[in-house]
Enquirer: 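This is the structure I have questions about; it appears just below.
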Amino acid sequence: MRFIIESMLFIFIVFTINLSASSAVSSISGYGSDDAMTMSKSGILAQKVVLNLAAENVANATTLKTAETGLPYQKKYAVFEATEDGVKVRAIQKSTVPFKRAYDPGNPLADAKGFIQLPNVNIADEMTQMSVANVLYEANTTAYKSAKTMYQQSMEILK
Amino acid sequence: MPSIENMIFDSTSRRLASAMQVAGEKQAMYAYNIANAATPRFKPLRFDEELKKATDKYSNEGEMSLEEEMALMSENRLKHSAYSKLLSARIQIAKKIMTLGKGG
């Protein structure tokens, strides 16, 4: 009996998550190539944010203390959300992955046992992220150019 | 009895104009899907007939594929280009008629 209730609860939770994942635009009627340009622009800007954050994470991969928290640098990442005019950066969050530890007794930031805490930035991850963001940036640029050409062709009918 | 309006703006022109409008809507849809390629749990929008085709071909219909979106988008652009050229030609013919073969 308990198992049934638990599995039903699980199914309910899965369904709720799926419902929350439904997109912001339900019907595309009434949109045009000018809206396509707005949407592609939002995609370009979103990928630019990702690229900027990846660069910031790499630059701070060895920052042992930040003025804000007094802790080592925490990896930052963007959270996206689908909106009516494309995509939006809902929040920029800090990673809560545990810090790495290293033995460095000579460091002024070392604790009593001689250990320091290193940022939770993984360079390989950041490079991959940057590469993906680069591809998506280009894809959005291509989509923008495509919409622009369509718009121009529609205008040429007036000639 | 055909009116002058029906002679110049016949069903061909009207169909071409609405096909161009649909192409614009589709372009917005592909742009939306591509912009949200990195959004977690995002399901791409699809036109009904495309959804049917996609389910025939693959089993993962709700998944986002950048390559597919780009391919569909360029197909859509070429179609739009064809419609706009045809409509343009139709208007040129109408102009020719209206000016008794002089203008256009």
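So you know, we letter chains A, B, ... as the sequences are listed, proteins then strands, and number each from 1.
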Enquirer: About how many Å separate CG of B/Asn36 and CG of A/Asn140, when rounded to the nearest 0.5 Å?
Expert: 9.0 Å
Enquirer: Taking B/Ser74, B/Ala38, B/Ala23 one by one, which has the highest count of heavy-atom pairs under 4.5 Å against chain A?
Expert: B/Ala38
Enquirer: Take a 6.0 Å sphere around NZ of A/Lys75 and say whether it holds more than 12 heavy atoms from other residues, nucleotides or ligands.
Expert: yes
Enquirer: Among A/Ser146, A/Ala46, A/Ser42, single out the residue with the greatest number of heavy-atom pairs under 4.5 Å to chain B.
Expert: A/Ser146
Enquirer: To the nearest 0.5 angstrom, please state how far the OG1 atom of A/Thr83 sits from the OH atom of B/Tyr32.
Expert: 7.0 Å
Enquirer: Between atom OG of B/Ser84 and atom CD of A/Glu156, what is the distance when rounded to the nearest 0.5 Å?
Expert: 7.5 Å
Enquirer: Search all heavy atoms of A/Ser29 against all heavy atoms of B/Glu25 and return the closest pair with its distance.
Expert: CA-OE2, 3.5 Å
Enquirer: I'd like to know whether CD of A/Gln93 has more than 12 heavy-atom contacts from other residues, nucleotides or ligands below 6.0 angstrom.
Expert: yes
Enquirer: To the closest 0.5 Å, what do you measure between OH (B/Tyr83) and OG (A/Ser154)?
Expert: 13.0 Å
Enquirer: Apply side chain to side chain donor-acceptor pair (under 3.5 Å) to residues B/Ser81 and A/Gln153 and explain how you reach the verdict.
Expert: CA-CA 7 Å; B/Ser81 180; A/Gln153 275 178 346; 3.1 Å; yes
Enquirer: Between atom NZ of A/Lys148 and atom CZ of B/Arg77, what is the distance when rounded to the nearest 0.5 Å?
Expert: 11.0 Å
Enquirer: Pick whichever of A/Asp35, A/Leu158, A/Leu136 has the most heavy-atom pairs under 4.5 Å with chain B.
Expert: A/Leu136
Enquirer: Can you tell me how far the NZ atom of A/Lys88 sits from the OG1 atom of B/Thr39, to the nearest 0.5 Å?
Expert: 11.5 Å
Enquirer: Heavy-atom cut-off 4.5 Å, strictly under: side chain, backbone, both or neither for A/Gln47 against chain B?
Expert: side chain
Enquirer: In sequence, state the C-alpha distance, the side-chain angles, and the governing distance for B/Ile34 and A/Thr142, and then conclude on side-chain contact (heavy atoms from CB on, under 4.5 Å).
Expert: CA-CA 10 Å; B/Ile34 291 167; A/Thr142 313; over 6 Å; no
Enquirer: I need the residue from B/Ser88, B/Ala28, B/Ala31 with the largest number of non-hydrogen atom pairs under 4.5 Å to chain A.
Expert: B/Ala28
Enquirer: Are more than 12 heavy atoms, taken from residues, nucleotides or ligands other than A/Tyr151, located less than 6.0 Å from that residue's OH atom?
Expert: no
